[in-house]
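See structure below.
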Amino acid sequence: MRAFELYDATTVAQAVDLLKQNSSRATKVVGGGSDLIGGILKDWVHGAGLPFPDVIVDLTTIKDLSTISVDGGGATIGATATLTDVIEHKDIASKFPLLTAAALTVASPLIRNFGTLGGNVNQRPRCWYFRGEDFNCYKKGGDFCYAVTGDNRYHAIIGGELCYIVHPSDTSTALLALNASAKIAGVNGDRTVAFDKYFIGPREDVLRENVLGKGEFMTHVTIPNPAGGTKMAWNKLKDRQVYDFALTSVAVAFTMDGNNWKDGRIVLGGVAPVPYRATVIEDALKGKDIKSNIKQAAAQIRTVARPMSLNAYKVDLAAGLIERTVMDALATN
Ligand SMILES: Cc1cc2nc3c(=O)[nH]c(=O)nc-3n(C[C@H](O)[C@H](O)[C@H](O)COP(=O)(O)OP(=O)(O)OC[C@H]3O[C@@H](n4cnc5c(N)ncnc54)[C@H](O)[C@@H]3O)c2cc1C
Ligand code: SF4
(Lines give C-alpha, C1' and ligand atoms only; values in the text may rest on other atoms or scores of the structure.)
(Ligands and ions follow the chains in the order given, each with its own letter.)
Protein backbone atom coordinates (compact mmCIF):
# COMPACT_ATOMS: atom_id res chain seq x y z
CA MET A 1 0.00 0.00 0.00
CA ARG A 2 1.32 3.44 -0.89
CA ALA A 3 1.51 6.25 1.65
CA PHE A 4 -1.27 8.86 1.83
CA GLU A 5 -2.02 11.91 3.95
CA LEU A 6 -4.84 11.43 6.46
CA TYR A 7 -6.85 14.35 7.85
CA ASP A 8 -9.34 14.14 10.72
CA ALA A 9 -12.07 16.65 9.87
CA THR A 10 -14.09 17.92 12.82
CA THR A 11 -16.86 19.69 10.90
CA VAL A 12 -18.48 19.24 7.49
CA ALA A 13 -17.16 22.70 6.50
CA GLN A 14 -13.62 21.66 7.41
CA ALA A 15 -13.94 18.44 5.39
CA VAL A 16 -15.13 20.47 2.40
CA ASP A 17 -12.19 22.89 2.88
CA LEU A 18 -9.70 20.03 2.97
CA LEU A 19 -11.15 18.64 -0.26
CA LYS A 20 -10.99 22.11 -1.83
CA GLN A 21 -7.39 22.75 -0.76
CA ASN A 22 -6.38 19.42 -2.26
CA SER A 23 -8.50 19.61 -5.39
CA SER A 24 -5.53 19.13 -7.70
CA ARG A 25 -4.69 15.81 -6.00
CA ALA A 26 -6.53 12.48 -5.76
CA THR A 27 -8.77 12.70 -2.68
CA LYS A 28 -11.13 10.31 -0.90
CA VAL A 29 -13.31 10.47 2.18
CA VAL A 30 -13.38 7.55 4.59
CA GLY A 31 -15.92 6.18 7.06
CA GLY A 32 -15.05 2.96 8.88
CA GLY A 33 -12.42 2.13 6.25
CA SER A 34 -13.50 -1.52 5.93
CA ASP A 35 -13.74 -1.22 2.15
CA LEU A 36 -11.48 1.73 1.33
CA ILE A 37 -8.54 0.79 3.53
CA GLY A 38 -9.06 -2.95 3.76
CA GLY A 39 -10.13 -3.53 0.14
CA ILE A 40 -9.49 -0.78 -2.37
CA LEU A 41 -6.10 0.54 -1.26
CA LYS A 42 -4.39 -2.60 -2.49
CA ASP A 43 -1.60 -1.69 -4.87
CA TRP A 44 -3.40 -3.37 -7.76
CA VAL A 45 -6.93 -1.94 -7.36
CA HIS A 46 -6.13 1.23 -9.22
CA GLY A 47 -5.59 2.41 -12.77
CA ALA A 48 -5.88 5.41 -15.04
CA GLY A 49 -9.54 5.91 -14.06
CA LEU A 50 -9.06 5.00 -10.41
CA PRO A 51 -6.05 6.86 -9.03
CA PHE A 52 -4.61 5.84 -5.70
CA PRO A 53 -5.61 8.64 -3.22
CA ASP A 54 -2.94 11.10 -2.08
CA VAL A 55 -5.26 12.52 0.57
CA ILE A 56 -7.91 10.84 2.70
CA VAL A 57 -10.37 12.87 4.80
CA ASP A 58 -11.81 11.00 7.77
CA LEU A 59 -15.50 11.80 8.31
CA THR A 60 -15.91 9.75 11.49
CA THR A 61 -14.24 12.54 13.48
CA ILE A 62 -17.19 14.85 12.67
CA LYS A 63 -19.50 14.43 15.68
CA ASP A 64 -22.66 15.74 14.02
CA LEU A 65 -22.49 13.16 11.24
CA SER A 66 -23.14 10.12 13.41
CA THR A 67 -26.55 11.05 14.79
CA ILE A 68 -29.88 9.42 13.93
CA SER A 69 -33.18 11.21 14.45
CA VAL A 70 -36.74 10.12 13.74
CA ASP A 71 -39.64 12.55 13.94
CA GLY A 72 -42.97 13.38 12.29
CA GLY A 73 -41.24 14.06 8.96
CA GLY A 74 -39.29 10.81 8.81
CA ALA A 75 -35.72 9.75 9.58
CA THR A 76 -32.40 11.56 9.19
CA ILE A 77 -29.37 9.34 9.51
CA GLY A 78 -25.84 10.76 9.58
CA ALA A 79 -23.46 9.20 7.08
CA THR A 80 -21.05 8.04 9.79
CA ALA A 81 -23.69 6.30 11.91
CA THR A 82 -22.48 2.71 12.02
CA LEU A 83 -24.64 -0.10 10.72
CA THR A 84 -24.96 -1.30 14.32
CA ASP A 85 -26.20 2.18 15.33
CA VAL A 86 -28.86 1.89 12.61
CA ILE A 87 -29.85 -1.65 13.61
CA GLU A 88 -30.12 -0.80 17.31
CA HIS A 89 -32.15 2.39 16.82
CA LYS A 90 -35.62 1.59 18.19
CA ASP A 91 -37.54 4.19 16.14
CA ILE A 92 -35.83 3.06 12.93
CA ALA A 93 -36.79 -0.52 13.78
CA SER A 94 -40.41 0.35 14.43
CA LYS A 95 -40.95 2.74 11.49
CA PHE A 96 -38.53 1.34 8.92
CA PRO A 97 -38.10 -2.36 9.79
CA LEU A 98 -37.02 -2.95 6.19
CA LEU A 99 -33.84 -0.94 6.74
CA THR A 100 -33.12 -2.68 10.04
CA ALA A 101 -33.57 -6.10 8.40
CA ALA A 102 -31.32 -5.20 5.46
CA ALA A 103 -28.58 -3.71 7.66
CA LEU A 104 -28.65 -6.88 9.79
CA THR A 105 -27.71 -8.95 6.74
CA VAL A 106 -24.61 -6.85 5.93
CA ALA A 107 -21.27 -8.59 6.52
CA SER A 108 -20.46 -9.65 10.12
CA PRO A 109 -21.21 -8.05 13.52
CA LEU A 110 -17.61 -6.84 13.71
CA ILE A 111 -17.80 -5.05 10.35
CA ARG A 112 -21.24 -3.63 11.19
CA ASN A 113 -19.77 -2.19 14.40
CA PHE A 114 -17.42 0.10 12.50
CA GLY A 115 -18.77 0.12 8.93
CA THR A 116 -20.82 3.27 8.37
CA LEU A 117 -24.05 3.83 6.45
CA GLY A 118 -22.25 6.28 4.12
CA GLY A 119 -19.50 3.73 3.50
CA ASN A 120 -22.00 0.97 2.85
CA VAL A 121 -23.96 2.99 0.29
CA ASN A 122 -20.80 4.26 -1.43
CA GLN A 123 -18.63 1.13 -1.29
CA ARG A 124 -16.99 0.02 -4.54
CA PRO A 125 -18.11 -3.10 -6.43
CA ARG A 126 -16.88 -6.57 -5.59
CA CYS A 127 -16.27 -7.86 -9.13
CA TRP A 128 -13.29 -10.19 -8.74
CA TYR A 129 -11.62 -8.81 -11.87
CA PHE A 130 -11.94 -5.26 -10.57
CA ARG A 131 -10.37 -6.36 -7.29
CA GLY A 132 -7.90 -8.70 -8.97
CA GLU A 133 -4.26 -7.94 -9.60
CA ASP A 134 -3.99 -8.86 -13.25
CA PHE A 135 -7.04 -7.17 -14.73
CA ASN A 136 -6.99 -3.58 -15.93
CA CYS A 137 -10.69 -3.53 -16.77
CA TYR A 138 -12.98 -0.69 -17.91
CA LYS A 139 -13.77 0.25 -14.32
CA LYS A 140 -10.10 0.92 -13.57
CA GLY A 141 -9.75 2.93 -16.76
CA GLY A 142 -8.70 -0.01 -18.96
CA ASP A 143 -10.28 -1.17 -22.19
CA PHE A 144 -11.89 -4.56 -21.53
CA CYS A 145 -14.53 -6.25 -19.37
CA TYR A 146 -13.13 -9.59 -18.27
CA ALA A 147 -16.52 -10.75 -17.00
CA VAL A 148 -17.89 -11.00 -20.54
CA THR A 149 -15.61 -13.88 -21.51
CA GLY A 150 -14.65 -14.97 -17.99
CA ASP A 151 -16.41 -16.26 -14.89
CA ASN A 152 -19.54 -14.14 -14.58
CA ARG A 153 -21.61 -16.24 -12.20
CA TYR A 154 -22.06 -13.36 -9.73
CA HIS A 155 -22.47 -10.58 -12.28
CA ALA A 156 -25.42 -8.55 -13.56
CA ILE A 157 -28.47 -9.99 -15.28
CA ILE A 158 -30.07 -6.59 -15.86
CA GLY A 159 -28.66 -3.29 -17.10
CA GLY A 160 -25.07 -4.39 -17.62
CA GLU A 161 -23.49 -2.71 -20.61
CA LEU A 162 -19.74 -2.28 -20.91
CA CYS A 163 -19.38 -3.29 -17.25
CA TYR A 164 -21.47 -6.00 -15.53
CA ILE A 165 -20.99 -5.34 -11.83
CA VAL A 166 -23.79 -5.75 -9.36
CA HIS A 167 -24.26 -3.03 -6.78
CA PRO A 168 -22.95 -4.52 -3.52
CA SER A 169 -24.83 -2.50 -0.89
CA ASP A 170 -27.72 -4.12 0.98
CA THR A 171 -28.75 -0.88 2.70
CA SER A 172 -28.99 0.92 -0.67
CA THR A 173 -31.52 -1.63 -1.91
CA ALA A 174 -33.68 -1.09 1.18
CA LEU A 175 -33.27 2.69 1.13
CA LEU A 176 -34.38 2.93 -2.50
CA ALA A 177 -37.50 0.92 -1.62
CA LEU A 178 -38.12 3.43 1.20
CA ASN A 179 -37.82 6.38 -1.22
CA ALA A 180 -34.79 7.81 0.61
CA SER A 181 -32.63 10.76 -0.44
CA ALA A 182 -28.96 11.60 0.00
CA LYS A 183 -27.81 14.94 1.38
CA ILE A 184 -24.52 15.87 -0.22
CA ALA A 185 -21.87 18.44 0.72
CA GLY A 186 -19.05 19.47 -1.56
CA VAL A 187 -16.68 22.04 -2.93
CA ASN A 188 -19.43 23.41 -5.17
CA GLY A 189 -22.10 23.61 -2.43
CA ASP A 190 -24.75 21.35 -0.95
CA ARG A 191 -27.45 19.42 -2.76
CA THR A 192 -30.01 16.70 -2.13
CA VAL A 193 -30.47 13.82 -4.54
CA ALA A 194 -33.25 11.23 -4.34
CA PHE A 195 -31.94 7.66 -4.31
CA ASP A 196 -33.98 7.22 -7.51
CA LYS A 197 -31.31 9.35 -9.21
CA TYR A 198 -28.30 8.74 -6.93
CA PHE A 199 -26.96 5.53 -8.50
CA ILE A 200 -25.64 5.54 -12.05
CA GLY A 201 -24.91 2.69 -14.40
CA PRO A 202 -21.81 2.07 -16.53
CA ARG A 203 -23.33 3.68 -19.64
CA GLU A 204 -23.49 6.98 -17.79
CA ASP A 205 -20.00 6.65 -16.27
CA VAL A 206 -18.17 3.37 -16.02
CA LEU A 207 -15.75 4.78 -13.42
CA ARG A 208 -18.40 5.67 -10.82
CA GLU A 209 -21.45 4.02 -9.28
CA ASN A 210 -23.19 7.18 -8.10
CA VAL A 211 -23.60 10.87 -8.87
CA LEU A 212 -20.97 12.10 -6.39
CA GLY A 213 -18.45 14.28 -8.18
CA LYS A 214 -14.89 15.07 -7.14
CA GLY A 215 -14.90 16.89 -3.80
CA GLU A 216 -18.40 15.72 -2.84
CA PHE A 217 -19.53 13.39 -0.08
CA MET A 218 -22.75 12.20 1.51
CA THR A 219 -23.58 13.82 4.84
CA HIS A 220 -26.99 12.28 5.62
CA VAL A 221 -29.65 9.94 4.37
CA THR A 222 -33.24 11.05 4.83
CA ILE A 223 -36.28 8.77 4.65
CA PRO A 224 -39.83 10.12 4.45
CA ASN A 225 -42.44 8.71 6.81
CA PRO A 226 -44.16 5.78 5.13
CA ALA A 227 -47.90 6.10 4.45
CA GLY A 228 -50.09 4.48 7.12
CA GLY A 229 -50.42 0.72 6.74
CA THR A 230 -47.29 0.35 4.55
CA LYS A 231 -46.20 -3.27 4.32
CA MET A 232 -42.44 -3.96 4.19
CA ALA A 233 -40.16 -6.96 3.92
CA TRP A 234 -36.56 -7.88 3.08
CA ASN A 235 -34.96 -11.11 1.86
CA LYS A 236 -31.42 -11.86 0.76
CA LEU A 237 -30.05 -15.02 -0.81
CA LYS A 238 -26.35 -15.79 -0.40
CA ASP A 239 -24.02 -18.56 -1.48
CA ARG A 240 -22.83 -19.15 2.07
CA GLN A 241 -24.74 -18.92 5.32
CA VAL A 242 -21.94 -16.94 6.96
CA TYR A 243 -21.49 -13.32 5.89
CA ASP A 244 -21.64 -12.86 2.16
CA PHE A 245 -22.85 -10.48 -0.52
CA ALA A 246 -26.28 -10.96 -2.11
CA LEU A 247 -26.75 -13.33 -5.02
CA THR A 248 -30.11 -11.62 -5.13
CA SER A 249 -31.94 -9.55 -2.55
CA VAL A 250 -35.40 -8.02 -2.56
CA ALA A 251 -36.79 -5.04 -0.63
CA VAL A 252 -40.49 -4.23 -0.81
CA ALA A 253 -42.58 -1.41 0.67
CA PHE A 254 -46.18 -0.98 -0.47
CA THR A 255 -49.65 0.14 0.50
CA MET A 256 -52.89 -1.72 -0.16
CA ASP A 257 -56.47 -0.97 -1.05
CA GLY A 258 -58.32 -3.92 0.47
CA ASN A 259 -56.44 -6.93 -0.88
CA ASN A 260 -55.10 -5.03 -3.87
CA TRP A 261 -51.72 -3.39 -4.57
CA LYS A 262 -52.18 0.36 -4.26
CA ASP A 263 -48.74 1.90 -4.47
CA GLY A 264 -45.18 0.97 -3.62
CA ARG A 265 -41.75 -0.18 -4.59
CA ILE A 266 -40.03 -3.47 -5.33
CA VAL A 267 -36.23 -3.15 -5.43
CA LEU A 268 -33.67 -5.85 -6.20
CA GLY A 269 -30.02 -6.06 -5.14
CA GLY A 270 -27.35 -8.31 -6.63
CA VAL A 271 -28.78 -8.25 -10.14
CA ALA A 272 -27.76 -4.93 -11.73
CA PRO A 273 -25.02 -2.27 -11.54
CA VAL A 274 -27.44 -0.15 -9.50
CA PRO A 275 -30.08 -1.14 -6.93
CA TYR A 276 -32.77 -2.12 -9.42
CA ARG A 277 -36.35 -0.85 -9.08
CA ALA A 278 -38.56 -3.47 -10.71
CA THR A 279 -41.28 -1.16 -12.04
CA VAL A 280 -42.30 -3.88 -14.48
CA ILE A 281 -43.52 -5.92 -11.51
CA GLU A 282 -45.02 -2.96 -9.65
CA ASP A 283 -47.02 -2.16 -12.82
CA ALA A 284 -48.17 -5.77 -13.16
CA LEU A 285 -49.57 -5.64 -9.60
CA LYS A 286 -51.13 -2.17 -9.70
CA GLY A 287 -54.77 -2.27 -8.60
CA LYS A 288 -54.80 -6.08 -8.53
CA ASP A 289 -55.34 -8.67 -5.83
CA ILE A 290 -51.81 -9.33 -4.65
CA LYS A 291 -52.08 -12.96 -3.56
CA SER A 292 -53.62 -14.21 -6.78
CA ASN A 293 -51.38 -12.16 -9.08
CA ILE A 294 -47.94 -12.17 -7.45
CA LYS A 295 -46.60 -15.30 -9.15
CA GLN A 296 -47.44 -14.02 -12.61
CA ALA A 297 -46.24 -10.51 -11.79
CA ALA A 298 -42.90 -11.73 -10.36
CA ALA A 299 -42.31 -13.73 -13.55
CA GLN A 300 -42.22 -10.40 -15.41
CA ILE A 301 -38.60 -10.10 -14.27
CA ARG A 302 -37.83 -12.51 -17.12
CA THR A 303 -38.86 -9.87 -19.63
CA VAL A 304 -36.13 -7.44 -18.52
CA ALA A 305 -33.35 -9.90 -17.62
CA ARG A 306 -30.45 -10.49 -20.03
CA PRO A 307 -28.31 -13.06 -18.21
CA MET A 308 -24.67 -13.75 -19.10
CA SER A 309 -23.15 -17.16 -19.86
CA LEU A 310 -23.01 -18.42 -16.23
CA ASN A 311 -25.70 -16.54 -14.31
CA ALA A 312 -29.12 -17.42 -15.75
CA TYR A 313 -29.82 -19.09 -12.39
CA LYS A 314 -30.20 -15.59 -10.93
CA VAL A 315 -33.31 -14.97 -13.03
CA ASP A 316 -35.06 -17.91 -11.34
CA LEU A 317 -33.78 -16.79 -7.94
CA ALA A 318 -35.09 -13.27 -8.50
CA ALA A 319 -38.56 -14.39 -9.61
CA GLY A 320 -38.90 -16.72 -6.60
CA LEU A 321 -37.50 -14.21 -4.11
CA ILE A 322 -39.77 -11.39 -5.28
CA GLU A 323 -42.80 -13.61 -4.77
CA ARG A 324 -41.60 -14.75 -1.35
CA THR A 325 -40.79 -11.21 -0.17
CA VAL A 326 -44.13 -9.74 -1.21
CA MET A 327 -45.90 -12.63 0.55
CA ASP A 328 -43.73 -12.04 3.67
CA ALA A 329 -44.76 -8.38 3.65
CA LEU A 330 -48.46 -9.36 3.34
CA ALA A 331 -48.10 -11.51 6.45
CA THR A 332 -46.92 -8.56 8.58
CA ASN A 333 -49.34 -6.56 10.74
C1 LIG B 1 -15.83 -9.41 4.52
C2 LIG B 1 -16.81 -8.37 4.10
C3 LIG B 1 -18.12 -8.73 3.87
C4 LIG B 1 -19.04 -7.77 3.46
N5 LIG B 1 -20.34 -8.13 3.24
C6 LIG B 1 -21.26 -7.18 2.87
C7 LIG B 1 -22.63 -7.50 2.65
O8 LIG B 1 -23.04 -8.65 2.79
N9 LIG B 1 -23.46 -6.50 2.29
C10 LIG B 1 -23.06 -5.22 2.13
O11 LIG B 1 -23.87 -4.35 1.84
N12 LIG B 1 -21.76 -4.90 2.34
C13 LIG B 1 -20.89 -5.84 2.70
N14 LIG B 1 -19.57 -5.50 2.91
C15 LIG B 1 -19.19 -4.17 2.69
C16 LIG B 1 -19.26 -3.46 4.02
O17 LIG B 1 -20.58 -3.35 4.39
C18 LIG B 1 -18.68 -2.20 3.80
O19 LIG B 1 -17.29 -2.46 3.77
C20 LIG B 1 -18.98 -1.20 4.88
O21 LIG B 1 -20.34 -1.07 5.12
C22 LIG B 1 -18.45 0.08 4.39
O23 LIG B 1 -18.47 0.96 5.46
P24 LIG B 1 -17.17 1.74 5.84
O25 LIG B 1 -17.64 2.87 6.66
O26 LIG B 1 -16.15 0.85 6.44
O27 LIG B 1 -16.69 2.23 4.40
P28 LIG B 1 -15.32 2.85 3.93
O29 LIG B 1 -14.36 1.76 3.64
O30 LIG B 1 -14.90 3.91 4.87
O31 LIG B 1 -15.78 3.55 2.58
C32 LIG B 1 -16.25 2.78 1.48
C33 LIG B 1 -16.29 3.69 0.26
O34 LIG B 1 -17.27 4.67 0.42
C35 LIG B 1 -16.70 5.97 0.38
N36 LIG B 1 -17.39 6.72 1.43
C37 LIG B 1 -17.39 6.46 2.75
N38 LIG B 1 -18.19 7.33 3.39
C39 LIG B 1 -18.69 8.16 2.45
C40 LIG B 1 -19.56 9.28 2.48
N41 LIG B 1 -20.09 9.71 3.61
N42 LIG B 1 -19.85 9.90 1.31
C43 LIG B 1 -19.30 9.48 0.14
N44 LIG B 1 -18.47 8.43 0.04
C45 LIG B 1 -18.17 7.77 1.19
C46 LIG B 1 -15.21 5.80 0.61
O47 LIG B 1 -14.46 6.80 -0.06
C48 LIG B 1 -14.99 4.43 -0.01
O49 LIG B 1 -14.80 4.51 -1.39
C50 LIG B 1 -18.63 -6.45 3.31
C51 LIG B 1 -17.30 -6.08 3.54
C52 LIG B 1 -16.40 -7.02 3.95
C53 LIG B 1 -14.99 -6.60 4.20
S1 SF4 C 1 -17.78 -6.26 -14.72
FE2 SF4 C 1 -16.96 -4.16 -14.58
S3 SF4 C 1 -15.57 -4.26 -12.85
FE4 SF4 C 1 -15.88 -6.38 -13.57
S5 SF4 C 1 -14.30 -6.80 -15.12
FE6 SF4 C 1 -16.07 -6.00 -16.20
S7 SF4 C 1 -15.63 -3.80 -16.35
FE8 SF4 C 1 -14.37 -4.58 -14.71
Side-chain angles (χ1 to χ4, degrees), residues 12 15 27-41 45 47 49-50 53 56-60 62 65 78-84 86 102-108 110-132 135-152 154-156 160-174 182-186 198 202 206-213 215-221 236 238 240 242-247 249 269-270 273 275 308:
V12 169
T27 55
K28 275 288 194 190
V29 295
V30 70
S34 62
D35 186 35
L36 182 65
I37 309 297
I40 291 290
L41 291 195
V45 191
L50 180 70
I56 296 182
V57 178
D58 189 356
L59 301 178
T60 62
I62 304 174
L65 281 197
T80 66
T82 65
L83 295 167
T84 299
V86 173
L104 255 173
T105 65
V106 171
S108 61
L110 187 63
I111 292 171
R112 297 195 295 266
N113 282 346
F114 69 95
T116 64
L117 186 65
N120 189 258
V121 170
N122 295 291
Q123 62 179 294
R124 302 308 309 273
R126 307 302 296 195
C127 169
W128 42 33
Y129 301 110
F130 175 66
R131 304 235 173 192
F135 307 97
N136 183 30
C137 71
Y138 282 133
K139 201 165 256 310
K140 292 177 185 164
D143 58 3
F144 194 67
C145 172
Y146 295 86
V148 173
T149 50
D151 188 332
N152 50 40
Y154 298 128
H155 287 77
E161 285 178 84
L162 208 64
C163 164
Y164 294 81
I165 58 152
V166 292
H167 201 279
S169 163
D170 291 324
T171 61
S172 298
T173 308
K183 287 190 164 187
I184 297 168
Y198 188 76
V206 72
L207 300 177
R208 301 185 288 169
E209 293 82 49
N210 56 53
V211 296
L212 292 181
E216 283 193 317
F217 59 93
M218 175 189 273
T219 60
H220 298 88
V221 169
K236 170 175 168 181
K238 312 178 274 186
R240 311 178 301 164
V242 290
Y243 57 83
D244 206 353
F245 290 87
L247 289 175
S249 61
M308 303 175 81

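Heavy-atom basis, side chains included; hydrogens, waters and symmetry copies ignored. Both counts, for ligands and for their atoms, begin at 1 and track the order of listing.
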Salt bridge Asp244-Lys236, side-chain N to carboxylate O under 4.0 Å: no

Main-chain N/O of Ala103 paired with Thr171 side-chain donor or acceptor, under 3.5 Å: no

Donor-acceptor contact below 3.5 Å, side chain Ser249 vs main chain Gly269: yes

Listed partners of Phe130 passing ring pair (Phe, Tyr, Trp, His ring centres under 6.0 Å), at least two apart: none

Minimum-distance pair of heavy atoms, taken over all atoms of Gly141 and Asn136: C-OD1, 4.4 Å

Within-2.8 Å protein N/O/S contacts of atom 8 (Fe) of ligand 2: Cys137 SG

Donor-acceptor pair between Asn152 and Tyr129 side chains, under 3.5 angstrom: no

First-shell residues of ligand 1 [heavy atom, distance under 4.0 Å]: Lys28, Val29, Val30, Gly31, Gly32, Gly33, Ser34, Asp35, Leu36, Leu59, Ala79, Leu83, Thr105, Val106, Ala107, Ile111, Gly115, Thr116, Gly118, Gly119, Asn120, Asn122, Gln123, Pro168, Ser169, Asp170, Leu212, Phe217, Met218, Lys236, Tyr243, Asp244, Phe245

Which atom of Leu65 lies closest to which atom of Thr219, heavy atoms considered: CD2-O, 3.4 Å

Heavy-atom donor-acceptor pair, Arg124 side chain to Pro168 backbone, under 3.5 Å: no

Qualifying residues under ring pair (Phe, Tyr, Trp, His ring centres under 6.0 Å), relative to Phe114, sequence neighbours excluded: none

